[in-house]
Student: 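Have a look at this one before I ask anything.
Starting from 1, each residue takes its place in the sequence as its number.
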Amino acid sequence: LVSESGRNIKDMIQRLQEKVPRELYFSHRAVFIVGEREAQIGISDILDQFARDPENRMRNLILVAKGEKAADVLAVSTVLEKIPGQEIKQIEKQETGTMITMLDFMMASSSEGMVPVAPAIRTVEGGTNKQGQQKLMLAGTAVFKDLKLVGYLNNQETRGFLWMTGKMHKGFITAYIPEGRGSVTLSLTSAKRDVKPIFDKGHIVFEVKLEGKGQIEENDTNLNLSDPKSMMIVKKALDRQVFKYVLRSFKMAQVYDADVFGFGLEIDRHSPKRWDKIKDKWDTLFREAVLHLRVDIKPLRPGIIGPPLQMKEDEVKKPSS
């Protein structure tokens, strides 16, 4: 690692070049990491320089080092890749969390009716830099307002955010089923969302419908999933789990007064004239908005087997008719 300080970013780069025997070439950069303290102060100067310099690639991923400096993240040992930046890029590409490019971030920051977010990353606590030990992990989603970090969505709230923004392309849903004394995990094969703003006597209500389909990948309950009634029990449990993720995400966004979902854009799309009247007070209106949520998760297949093979026949629960 080589570091330097300066009056602004270009001044810093010039001073940095005096230390490095090769020309700095930023088109090869894969990720852009902002330390938490810098993010809290504000990153408008960073974005300005990034947008002006043609060497910067707008498809670079942007991340926030949660609770740390960016240098702390870049100083860890890697496991599968040669350098931390490449390892972070590959972790992001698995789409298990938020994946935001600099272009995405800038478009969100310049749009009316939503605020920008970025994935958060941190070093694994209690670990060492021993070879072969993973030291990096995603840590939810960083929420910005006025280009300043205001807080985070945790990993579960991030899943709700992905559902609400239509970015839940793949992943798993694990739900506990009291009737079966265990959990079931579904692997998503498709997901979609529909948002409709409704104006009711001065209140704004968002009707959101979330749909998903997938295959059961794991069943440690005593339910026979080849039975349609058991599958209905599983479906309801999966619906409840997604509902909980999304509701927690929505409530946390309201705590930050930050429309991370782009609901303001939905109002603008459905009723531009109404949006022109309320956009200046959208923070307050979003804080008071109501969410009407419907979730429909369809487990299409129970996997290769029906009842759990590890259980005796009399241990498998048969739903009553």
Side-chain angles (χ1 to χ4, degrees), residues 34 36 39 61-64 66 91-109 111 113-122 137-175 186 188 190-197 204 206-212 214 238-267 269 282-283 286-287 289-297:
V34 182
E36 183 176 78
L61 300 176
I62 180 172
L63 302 98
V64 173
K66 186 176 182 180
I91 292 174
E92 278 283 85
K93 286 176 65 176
Q94 304 313 309
E95 297 184 8
T96 56
T98 313
M99 189 170 74
I100 302 293
T101 66
M102 288 296 289
L103 180 61
D104 296 330
F105 191 93
M106 289 182 180
M107 289 180 65
S109 65
S111 298
M114 71 181 305
V115 299
V117 299
I121 195 162
R122 67 173 177 86
M137 67 176 294
L138 294 177
T141 302
V143 180
F144 286 78
K145 259 189 96 171
D146 300 323
L147 296 179
K148 296 179 181 180
L149 174 67
V150 294
Y152 297 94
L153 304 178
N154 64 25
N155 288 331
Q156 289 189 346
E157 292 158 357
T158 294
R159 292 174 195 169
F161 162 78
L162 294 174
W163 275 101
M164 288 275 269
T165 53
K167 296 178 181 178
M168 180 60 80
H169 303 303
K170 65 178 183 179
F172 296 93
I173 308 170
T174 299
L186 176 137
L188 278 172
S190 66
K192 63 179 182 178
R193 63 128 197 188
D194 182 66
V195 179
K196 182 180 180 181
I204 300 177
F206 290 100
E207 287 194 349
V208 178
K209 183 177 181 181
L210 304 175
E211 297 179 335
L238 294 169
D239 289 347
R240 288 195 301 269
Q241 188 63 58
V242 173
F243 188 98
K244 183 170 69 174
Y245 287 155
V246 173
L247 188 61
R248 287 181 58 178
S249 177
F250 181 73
K251 289 183 176 180
M252 186 54 65
Q254 287 186 314
V255 169
Y256 296 139
D257 291 340
D259 180 8
V260 298
F261 313 111
F263 282 168
L265 297 178
E266 293 293 337
I267 295 176
R269 185 166 66 88
W282 178 232
D283 285 353
F286 173 72
R287 189 190 317 133
V290 177
L291 176 67
H292 287 176
L293 178 64
R294 288 187 297 159
V295 179
D296 183 15
I297 305 299

Student: Any side-chain to backbone donor/acceptor pair from Q254 onto A289? Under 3.5 Å, distance only.
Tutor: yes
Student: Is it the case that the ring center of F144 lies less than 6.0 angstrom away from the ring center of F105?
Tutor: yes
Student: Got a salt bridge between E207 and K196, using NZ or NE/NH1/NH2 to carboxylate O under 4.0 Å?
Tutor: no
Student: When you compare the side chain of M106 with that of I62, does any pair of heavy atoms fall below 4.5 Å?
Tutor: no
Student: Rounded to the nearest 0.5 Å, how far apart are CG of D239 and CG of D296?
Tutor: 6.0 Å
Student: Just verifying a value: how many Å separate L291 CG and F243 CZ, rounded to the nearest 0.5 Å?
Tutor: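 So the CG of L291 and the CZ of F243 are separated by 7.0 Å.
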Student: So, for V34 and A39, which heavy atoms are closest and what is the spacing to 0.1 Å?
Tutor: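 Nearest pair, atom of V34 first, then A39: CG1-N, 3.8 Å.
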Student: Would you say the side chain of M164 lies within less than 4.5 Å of the side chain of F263, judging by non-hydrogen atoms?
Tutor: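 Yes, at least one pair of side-chain atoms sits under 4.5 Å.
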Student: What are the two closest heavy atoms between T165 and R193, and how far apart are they?
Tutor: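 Closest approach of T165 to R193: C-NE, 4.0 Å.
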Student: Quick check: closest heavy atoms across A118 and V64, and the distance to 0.1 Å?
Tutor: CB-CG2, 4.3 Å
Student: So, taking the atom named OH in Y245 and the one named CG in N154, what distance separates them when rounded to the nearest 0.5 Å?
Tutor: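 Interatomic distance, Y245 OH to N154 CG, rounded to 0.5 Å: 10.0 Å.
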Student: Between R269 and E266, is there a side-chain heavy-atom distance shorter than 4.5 Å?
Tutor: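 E266 reaches R269 side chain to side chain.
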Student: Are the side chains of R159 and M168 in contact, using a 4.5 Å heavy-atom criterion?
Tutor: yes
Student: Looking just at side-chain N and O atoms, do N155 and T158 make a donor-acceptor pair shorter than 3.5 Å?
Tutor: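 No.
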Student: Evaluate V260 against M252 for side chain to side chain contact (heavy atoms under 4.5 Å, CB included), listing each step before the verdict.
Tutor: CA-CA 10 Å; V260 298; M252 186 54 65; over 6 Å; no
Student: Does the side chain of E157 come within less than 4.5 Å of F161's, by heavy atoms?
Tutor: no
Student: Just so I know, are the side chains of V246 and V295 near enough to count as touching, which here means a heavy-atom distance under 4.5 Å?
Tutor: no
Student: How close do R122 and A139 get, counting heavy atoms only, and between which atoms?
Tutor: CG-CB, 3.8 Å
Student: Do the charged groups of D194 and K209 touch, with an N to O distance under 4.0 Å?
Tutor: no
Student: Mind checking the CZ-CD1 spacing from R240 to I173? Nearest 0.5 Å is all I need.
Tutor: 13.0 Å
Student: Take the angle between the ring planes of F261 and F286 and call it parallel below 30°, perpendicular above 60°, tilted in between.
Tutor: tilted
Student: Shortest non-hydrogen contact from G262 to M114?
Tutor: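 In terms of heavy atoms, the two residues are closest at CA-CB, 3.6 Å.
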Student: What's the separation between atom CD in Q241 and atom CG in L186, rounded to the nearest 0.5 Å?
Tutor: 12.0 Å
Student: Measure the CG-CD1 distance between L210 and I297 for me, rounded to the nearest 0.5 Å.
Tutor: 7.5 Å
Student: Nearest heavy-atom pair of G113 and D259: which atoms, and what distance?
Tutor: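 Scanning both residues, the minimum pair turns out to be O-OD2, 2.8 Å.
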Student: Below 4.5 Å, heavy atoms only, C-beta onward: do K145 and V143 meet side chain to side chain?
Tutor: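 Not in contact.
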